[in-house]
Amino acid sequence: MSKPAIVVDNVSMKFNLSKEKVDSLKDYIIKSIKKEIKYNEFWALQNVDFEVKKGDRVGILGLNGAGKSTLLKVIAGVFKPTEGKVVRNGRLVPLLELGAGFDSQYTGRENIFLYGAMLGYSKKFLESKFDEIVEFSELKEFIDVPIKNSSGMKARLGFSIATLVSPDILILDEVLSVGDAKFRKKSEKKVLSMFDKGVTVLFVSHSLEQVQRLCNKAMILEKGKLIAYGDIGPISEQYSKMIGG
């Protein structure tokens, strides 16, 4: 038996939300010293426990606030769980907030090397793939312009760089909804071609139809708890009833 790609072992994630209205950092520091700040404990995930087999494509379903993005961030290593642990077997690429590591003052060209380095690609490798990245992102005439506030540009470039190499595990958070319809179709096609290579996928989408199209397994999160996990058919049926579909 081969090792599972991902083991999420009894994971809980707690955030402390301040009850106080604090107007400034100075105010916060003074109130902290005087111990005047009270916190509400918020458990974004509670005792979440599951395994993902290699090659499985798992859709994560749930209403807003169910803990879907928090779970992906814990699995990707962005957050350290308050309790429990995550074991990952293989190279993982998280497509969470695409282009989150970009610098708005830099041009598209500069950001390709910056973001690529963050993902662990060498300068030589990025140089050899540069034309491919630009072509896929469809940003040829804007590549030497600072990306400033164009979230569309960041998302397109981010997707093009992050999907250069097929990882063992791919984590997707709503990323197939970036750009226009044509780019979305192209992104989905690229991800599907990675599926063909047997990559393990965890996928969050608001579209049940998209999850049904791309995944063979699914889970439902509700208020931070895992309430169902299994084959796509029965789980999507259960979720449809939950959302009144």
>> Let's go through Glu188 and Arg184 carefully: what are the C-alpha distance in whole Å and the side-chain angles of both, what is the deciding distance for salt bridge (Lys or Arg N to Asp or Glu O under 4.0 Å) to 0.1 Å, and is it a yes or a no?
In response: CA-CA 6 Å; Glu188 194 174 296; Arg184 284 201 296 272; over 6 Å; no

>> As a quick check of understanding, evaluate ring pair (Phe, Tyr, Trp, His ring centres under 6.0 Å) for Tyr106 and Phe113, giving each step before the final call.
In response: CA-CA 11 Å; Tyr106 288 4; Phe113 290 99; over 10 Å; no

> Hey, what do you get for CG (Asp144) to CZ (Arg109), rounding to the nearest 0.5 Å?
Replying inline: 4.0 Å

>> Apply side-chain contact (heavy atoms from CB on, under 4.5 Å) to residues Glu132 and Leu164 and explain how you reach the verdict.
In response: CA-CA 9 Å; Glu132 193 184 310; Leu164 272 177; 3.9 Å; yes

>> So which atom in Ser104 and which in Lys154 form the shortest heavy-atom distance, rounded to 0.1 Å?
In response: OG-NZ, 3.6 Å

> Lys148 versus Gln105: any side-chain heavy-atom pair under 4.5 Å?
Replying inline: yes

> Is the shortest side-chain N to carboxylate O distance from Asp168 to Arg91 below 4.0 Å?
Replying inline: no

>> If hydrophobic clusters are built by linking Ile, Leu, Val, Met, Phe, Trp and Tyr wherever their side-chain heavy atoms come under 4.5 Å apart, do Val86 and Ile60 end up in the same one?
In response: yes

>> Ring-plane angle category for Phe102 and Tyr115, please: parallel below 30°, perpendicular beyond 60°, tilted otherwise.
In response: perpendicular

> Quick one: are Ile112 and Val134 in side-chain contact, heavy atoms under 4.5 Å?
Replying inline: yes

>> Heavy-atom count check: over 12 atoms from other residues, nucleotides or ligands less than 6.0 Å from Phe195 CZ?
In response: yes

>> Using modelled atom types and a 3.5 Å cut-off, is there a donor and acceptor pairing between side-chain atoms of Ser12 and backbone atoms of Thr82?
In response: no

>> If you apply the rule side-chain contact (heavy atoms from CB on, under 4.5 Å), what do you find for Asn10 with Val48, and how did you get there?
In response: CA-CA 5 Å; Asn10 220 12; Val48 176; over 6 Å; no

> Can you tell me if Asn89 uses its side chain to pair, donor with acceptor, with the backbone of Pro4 under 3.5 Å?
Replying inline: yes

> Do the numbers put Lys129 on top of the ring of Tyr121, so that NZ or CZ is under 6.0 Å from the six-membered ring centre and no more than 45° off the axis?
Replying inline: no

>> Counting only heavy atoms not in Lys190 (residues, nucleotides, ligands), do more than 12 fall under 6.0 Å from its NZ?
In response: yes

> Can you get from Val7 to Phe50 by hopping between Ile, Leu, Val, Met, Phe, Trp and Tyr side chains that sit under 4.5 Å apart?
Replying inline: no

> Taking only residues at least two apart or on different chains, which pairs with a member in residues 215-231 satisfy side chain to side chain donor-acceptor pair (under 3.5 Å)?
Replying inline: Asp56-Asn216, Asp56-Lys217

>> Please evaluate residues Lys123 and Glu127 with respect to the criterion side-chain contact (heavy atoms from CB on, under 4.5 Å), reporting the C-alpha separation (whole Å), side-chain torsions for both, the decisive distance (0.1 Å), and the verdict.
In response: CA-CA 6 Å; Lys123 187 165 184 268; Glu127 279 167 354; 3.1 Å; yes

> Is the CD atom of Glu135 crowded by more than 12 outside heavy atoms at less than 6.0 Å?
Replying inline: no

>> Val145 vs Thr107, test: side-chain contact (heavy atoms from CB on, under 4.5 Å). Steps then yes/no.
In response: CA-CA 5 Å; Val145 175; Thr107 64; 5.9 Å; no

>> Please verify the inter-ring angle class for Phe15 with Phe42; under 30° counts as parallel, over 60° as perpendicular, anything in between as tilted.
In response: parallel

>> Any carboxylate oxygen within less than 4.0 angstrom of a Lys/Arg side-chain nitrogen, looking at Arg156 and Glu138?
In response: yes

> Is the shortest heavy-atom distance from the side chain of Asp9 to the side chain of Asp49 under 4.5 Å?
Replying inline: yes

>> Do Ser236 and Gln212 make a side-chain contact, defined as non-hydrogen atoms from C-beta onward lying under 4.5 Å apart?
In response: yes

>> When you measure from the side chain of Lys68 to the backbone of Leu63, do you find a donor-acceptor pair of N or O atoms at a distance under 3.5 Å?
In response: yes

> When rounded to the nearest 0.5 angstrom, what is the spacing between CE in Met118 and CG in Asn111?
Replying inline: 10.0 Å

Output a table of donor-acceptor pairs, distance under 3.5 Å, between side-chain atoms of residues 202-209 and any protein atom two or more places apart or on a different chain; print 'none' if there are none.
unit_1 : atom_1 : unit_2 : atom_2 : d
Ser205 : OG     : Ser207 : N      : 2.9
Ser205 : OG     : Gln210 : OE1    : 2.9
Ser207 : OG     : Gln210 : N      : 2.9
Glu209 : OE1    : Arg213 : NH1    : 3.2
Glu209 : OE2    : Arg213 : NH1    : 2.4

>> Do Ile161 and Phe125 sit in one hydrophobic cluster, given that two such residues count as connected whenever their side-chain heavy atoms are within less than 4.5 Å of each other, even indirectly?
In response: yes

>> So, taking the atom named CD1 in Ile171 and the one named CG in Leu71, what distance separates them when rounded to the nearest 0.5 Å?
In response: 8.5 Å

> For the residue pair Gly59 and Cys215, what are the closest heavy atoms and their distance?
Replying inline: N-SG, 3.5 Å

> Closest approach of Leu221 and Ala66, non-hydrogen atoms and distance?
Replying inline: O-CB, 3.4 Å

> Are the side chains of Ile220 and Gln238 in touch, meaning some heavy atoms are under 4.5 Å apart?
Replying inline: yes

>> Ignoring hydrogens, what is the shortest heavy-atom contact between Ile169 and Arg88? Give both atom names and the distance.
In response: CD1-CB, 4.5 Å

>> Quick one, Met219 and Leu61 - any side-chain contact, counting heavy atoms below 4.5 Å?
In response: no

> Shared ILVMFWY cluster between Val211 and Met242, side chains joined below 4.5 angstrom?
Replying inline: yes

> When rounded to the nearest 0.5 angstrom, what is the spacing between NZ in Lys14 and CH2 in Trp43?
Replying inline: 5.0 Å

> Mind checking whether Phe159 and Leu114 sit in one hydrophobic cluster, side chains of I, L, V, M, F, W, Y counted as touching below 4.5 Å?
Replying inline: no

> For the residue pair Leu92 and Ala76, what are the closest heavy atoms and their distance?
Replying inline: CD2-CA, 4.0 Å

> Which heavy atom of Pro167 sits nearest a heavy atom of Met194, and at what distance?
Replying inline: CD-CE, 3.4 Å

> So how far is it from Ser160 OG to Phe183 CZ, rounded to the nearest 0.5 Å?
Replying inline: 4.5 Å

>> Once rounded to the nearest 0.5 Å, what's the spacing between atom CG of Leu214 and atom CD1 of Ile232?
In response: 9.5 Å

